[in-house]
2 protein chains.
Amino acid sequence: MSAEKLSLEDFEPGRRFPLGPKLVLAEEIIEFASEFDPQPMHIDEAAGRASILGGLAASGWHTSAMLMRMMADSYIVNALCEGAPGIDVMEWRKPVLAGDRLQGQSLVLEARPMRSRPGMGIVKFRHELENQRGELVCVSENSVMIRMRPGSELSA
Amino acid sequence: MSAEKLSLEDFEPGRRFPLGPKLVLAEEIIEFASEFDPQPMHIDEAAGRASILGGLAASGWHTSAMLMRMMADSYIVNALCEGAPGIDVMEWRKPVLAGDRLQGQSLVLEARPMRSRPGMGIVKFRHELENQRGELVCVSENSVMIRMRPGSELSA
């Protein structure tokens with residue numbers, strides 16, 4: 001099974017992976033925010049409309065988590081992935097409102113073997129999500145640890 | 001009610017707000033990951049132990065969401081907060097494992113009125129979370145939009 005999974009060698013710079021589409025439901029916005037970010041504009045429709053966000057709006061942390069799920073479905077769960085050290089860039093460019101449909105892509109910026117962990121590499125991605133009006137709502141960059149193919153000739 | 005909430009003027013640089021404590025339960029790790037980051041080390045105890053994380057480990061996106069909840073409980077929900085444009089720094093320094101107890105603080109780095117939005121300011125924070133062994137597990141910086149006190153004399 002592992003042999004068929006994506007390894008470091010599959011993440012050539014310039015390769016793109018599709019993200020979404022993901023329809024963002026009001027119930028999901030409220031459920032996430034009730035647990036993690038209970039500000040009025042994320043849990044109440046009227047408060048959202050009255051805010052500068054203009055409607056019931058997903059917490060940015062929820063948008064980030066939805067991005068992760070889109071990555072997981074597109075390539076992460078199918079890769080020899082060992083986790084990530086953090087997020088380099090996370091920009092919430094526009095509000096994500098109930099009923100929005102998000103989709104986008106992950107672009108491989110860089111992929112290299114790690115000196116500190118034999119057999120492991122780091123892949124740096126740039127992720128972009130647009131809404132149904134083609135507006136860029138989220139831009140992110142992060143690096144992910146991905147194993148090299150067993151017996152690979154790449155070295156750090 | 002608003003008059004008693006924290007406004008831009010209350011976020012003096014150098015002021016600290018406590019975060020947590022938050023006990024991280026295995027069920028919460030699995031529930032979050034099942035929805036947003038279904039990688040084996042986040043949803044299965046044995047897979048977590050076999051991974052480089054060393055146990056059932058919270059998704060970094062989950063740790064980030066827990067951080068947001070700790071901020072909400074400490075000061076955000078009690079502030080005239082209008083959202084955030086993104087995350088400047090998010091480092092997942094150590095694994096967050098089931099049973100860990102997280103706590104830390106938010107430090108105000110900078111607070112200034114926004115030129116583009118009268119009556120609104122930007123507060124930049126540095127957040128740190130430690131586990132029960134005093135190990136720094138998460139370091140983050142982000143900026144939050146917070147309203148000035150009505151009639152405030154501060155100007156951009």
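Basis for what follows: all heavy atoms, side chains included, without hydrogens, waters or symmetry-related copies. Reminder, nothing fancy here: chain letters follow the sequence lines and each chain counts from 1.
Ala26(B) is linked by a side chain to side chain contact (heavy atoms under 4.5 Å, CB included) to Leu56(B), Ala98(B), counting only residues two or more places apart in sequence or in another chain.
In this structure, the portion of Met41(A) lying under 4.5 Å from any heavy atom of chain B is its side chain and not its backbone. For Met66(A), the parts lying near chain B are the backbone and the side chain together; criterion is any non-hydrogen pair under 4.5 Å. If you measure heavy-atom distances from Cys138(A) to chain B, you find no contacts under 4.5 Å at all.
Ranked by heavy-atom pairs under 4.5 Å with chain A, the first of Ile52(B), Leu67(B), Leu53(B) is Ile52(B). The candidate from Gly60(B), Ala84(B), Pro95(B) with the greatest count of non-hydrogen atom pairs under 4.5 Å with chain A is Ala84(B).
In the hydrophobic clustering, where aliphatic and aromatic side chains (Ile, Leu, Val, Met, Phe, Trp, Tyr) are joined below 4.5 Å either directly or transitively, Ile43(A) stands alone. In the hydrophobic clustering (ILVMFWY side chains linked at under 4.5 Å, chained through shared members), Val139(A) is joined by Leu136(A).
The two atoms that bring Gly104(B) and Leu129(B) nearest to each other are N-CD2, 4.1 Å, heavy atoms only. The two residues Leu8(B) and Ile146(B) make their nearest non-hydrogen contact at N-CG2, 3.5 Å.
Here the side chains of Leu107(B) and Phe125(B) are not in contact, with every heavy-atom distance at 4.5 Å or above. In this structure, Met114(B) and Met145(B) have side chains that are in contact, with non-hydrogen atoms separated by less than 4.5 Å.
The CG atom of Leu102(A) sits 10.0 Å away from atom CG of Leu19(A), with the distance rounded to the nearest 0.5 Å.
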Pairs of donor and acceptor atoms, chain B with chain A, under 3.5 Å:
from: Ser34(B); atom 1: O; to: Arg69(A); atom 2: NH1; distance (Å): 3.0
from: Glu35(B); atom 1: O; to: Arg69(A); atom 2: NH1; distance (Å): 2.9
from: Phe36(B); atom 1: O; to: Arg69(A); atom 2: N; distance (Å): 3.2
from: Arg69(B); atom 1: N; to: Phe36(A); atom 2: O; distance (Å): 3.2
from: Arg69(B); atom 1: NH1; to: Ser34(A); atom 2: O; distance (Å): 3.0
from: Arg69(B); atom 1: NH1; to: Glu35(A); atom 2: O; distance (Å): 2.9
from: Pro85(B); atom 1: O; to: Trp92(A); atom 2: N; distance (Å): 2.8
from: Ile87(B); atom 1: N; to: Met90(A); atom 2: O; distance (Å): 2.8
from: Met90(B); atom 1: O; to: Ile87(A); atom 2: N; distance (Å): 2.8
from: Trp92(B); atom 1: N; to: Pro85(A); atom 2: O; distance (Å): 2.8

